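Heads up: the structure comes next, in structure tokens.
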There are 2 protein chains.
Amino acid sequence: MYEDLKYWYLRDHKLFRTLSFGQIKQLCIIMGFKKAQKGEIIYFSASDVPRIFLLKKGNIKIVAVDEDGNETIKDIIQKGDLFGELTLEVDSQANEYAKVLSDDVAICSFLLSDFEDVLLKNPSLALSYTKFVGLKMKRIKNSYSNLISKDSKTRLSLFLKAWGETEGIRTENKIVIENYLTQNDIAQIICTSRQTATQLLNEMVANGIIGYNRKEIIINDVCSF
Amino acid sequence: MYEDLKYWYLRDHKLFRTLSFGQIKQLCIIMGFKKAQKGEIIYFSASDVPRIFLLKKGNIKIVAVDEDGNETIKDIIQKGDLFGELTLEVDSQANEYAKVLSDDVAICSFLLSDFEDVLLKNPSLALSYTKFVGLKMKRIKNSYSNLISKDSKTRLSLFLKAWGETEGIRTENKIVIENYLTQNDIAQIICTSRQTATQLLNEMVANGIIGYNRKEIIINDVCSF
DNA sequence: AGAGAAATGTCAGCTACATTGCAGTTCCTA
DNA sequence: TAGGAACTGCAATGTAGCTGACATTTCTCT
């Protein structure tokens with residue numbers, strides 16, 4: 001792939017916008033590229049060398065497998081998000097992989113060690129990156145406290161609202177979301193059983209709050225949400 | 001207070017160990033100092049200028065108040081821990097304060113803006129700091145997944161185990177922990193009601209797994225824990 | 001087109017835990 | 001050293017949401 005294209009892939013990301021042309025060049029040299037199809041599984045933890053990934057196109061979910069073999073969704077990664085060893089520290093215990101949700105995805109990556117070098121040479125990038133990790137932490141803390149204090153119905157509403165804000169397309173008073181998640185996925189994200197999620201979704205449809213099918217979710221009244 | 005003493009307060013912390021004498025000097029100049037007694041409340045979010053704090057002595061809990069006035073424990077800070085605007089970003093919504101748990105505490109602090117300057121001049125510190133924030137994030141993620149998958153009994157066990165490991169004094173096959181938390185505090189930390197926590201603790205005492213009173217908690221059999 | 005695999009819908013029964021309410025203890029402080 | 005506040009202990013009752021079992025619909029792949 002052309003250096004120029006790589007350049008723009010990084011340049012797009014707000015994290016790297018502070019960098020000069022030369023600095024981005026440096027990152028580009030160490031950047032890898034990959035495409036994958038729906039359903040494909042990308043192993044990244046403990047697989048080979050630690051990397052940081054940038055999702056250029058599509059959606060993936062990060063799934064963790066515990067000792068009993070149960071799968072839990074850790075994160076949903078959208079276009080433009082970073083994932084992988086974001087903490088700059090490998091943890092050997094974490095048994096995680098990424099599964100492609102959308103039809104096809106494009107992923108860039110660089111080695112953790114290379115990225116560290118760049119950070120050392122660019123203190124302002126290092127600072128932005130720290131804030132970026134901090135932001136991630138705040139998001140996690142937030143969903144954590146939702147989990148404690150809100151019931152499953154509220155959690156579903158909050159999730160749909162957040163999803164609509166990041167990815168939904170707004171028309172008039174409605175938000176249309178491309179639905180690449182199954183009800184089981186949604187259930188795992190809001191930490192409830194599949195059955196409960198199904199029930200709550202149907203309830204919301206019956207109440208006219210949302211429209212739902214396998215392709216898209218429509219939030220009807222944005223204001224009341 | 002003497003510059004020398006300040007120097008050692010920072011020098012003790014592993015985060016700052018990579019810094020040269022001169023660099024630590026720089027941080028010392030901007031460092032404030034404070035003492036407080038049991039029960040005292042230290043406001044830090046939204047109070048005045050954003051700061052980062054270092055707890056030198058004692059224990060505090062970070063408490064958040066939501067819109068309904070309910071208090072929830074966000075974190076327990078132990079000697080040597082950092083707290084405050086760790087993400088280097090002020091969030092105005094967060095309504096948090098710190099309450100002193102131990103008899104007395106000593107707290108150092110520096111302004112967020114000053115700390116950013118130091119980070120910009122010391123890329124390797126910036127890198128360590130990012131890893132430090134990342135570690136915090138991992139801990140949060142971990143308790144998050146405990147909350148989902150484990151029942152309250154297991155959560156209590158895990159909490160006591162972790163507490164014993166960080167602060168307990170090991171003698172023979174037992175671990176003695178200085179108990180500065182009420183049952184209500186413990187309940188909030190493991191996200192359950194006070195009654196359930198009481199019940200579980202008494203159950204564990206009855207089974208001989210732990211010894212419990214208001215002053216100390218003793219974990220009897222380290223191995224089986 | 002048709003079989004098999006996912007995904008979705010529905011229901012009864014159960015369980016862990018919250019809630020409420022009160023009584024007994026320990027601690028603080030005036 | 002008494003009296004109130006905070007903490008701890010116990011029991012009865014209520015319920016959100018999980019489990020499991022099954023039917024139905026929709027997708028996917030020869």
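If you're wondering where the values come from, they're calculated on a predicted model, not measured in any experiment.
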Any side-chain N or O of A:N202 below 4.0 angstrom from OP1/OP2 of C:dT10? yes
Between C:dC17 atom P and A:I148 atom CD1, what is the distance in whole Å? 15 Å
Take atom CG of B:L156 and atom C1' of C:dA16, then tell me their distance rounded to the nearest Å. 15 Å
Measuring from the side chain of A:D151 (C-beta onward, heavy atoms only), which nucleotide among D:dC18, D:dC10, D:dG17 has the closest atom? D:dG17
Using a cut-off of 4.0 Å between protein heavy atoms and nucleotide atoms, how would you tag nucleotides 20-30 of chain C 5' to 3' with B, S and -? BB----S----
Choosing from C:dC17, D:dC18, D:dG9, which nucleotide comes nearest the side chain of B:T192? C:dC17
Atom-to-atom span, CG of B:L200 to P of C:dC17 - whole angstrom: 8 Å
D:dG17 OP1/OP2 closer than 4.0 Å to side-chain N/O of A:T196: no
Answer yes when A:K61 and A:D75 have at least one side-chain N-carboxylate O distance shorter than 4.0 Å, and no when they do not. no
In whole Å, I'd like the distance from the CG atom of A:N213 to the P atom of C:dG9. 10 Å
Find the distance A:L101:CG to C:dA7:P and express it as a whole number of Å. 11 Å
Between the opening five pairs and the closing five pairs of the helix from C:dA1-D:dT30 to C:dA30-D:dT1, how far apart are the helix axes, to 10°? 50°
Near DNA chain C, under 4.0 Å by heavy atom, which residues of residues 179-187 of chain A? A:T182, A:Q183
B:K138/A:E89 ion pair, N-O < 4.0 Å: no
Please check if any side-chain donor atom of A:T154 sits under 3.5 Å from a side-chain acceptor atom of A:D151, or the reverse. yes
Would B:E167 and B:Y180 count as having a side-chain donor-acceptor pair, cut-off 3.5 Å? yes
Mind calculating the distance between CG (A:L147) and P (C:dA18) to the nearest angstrom? 13 Å
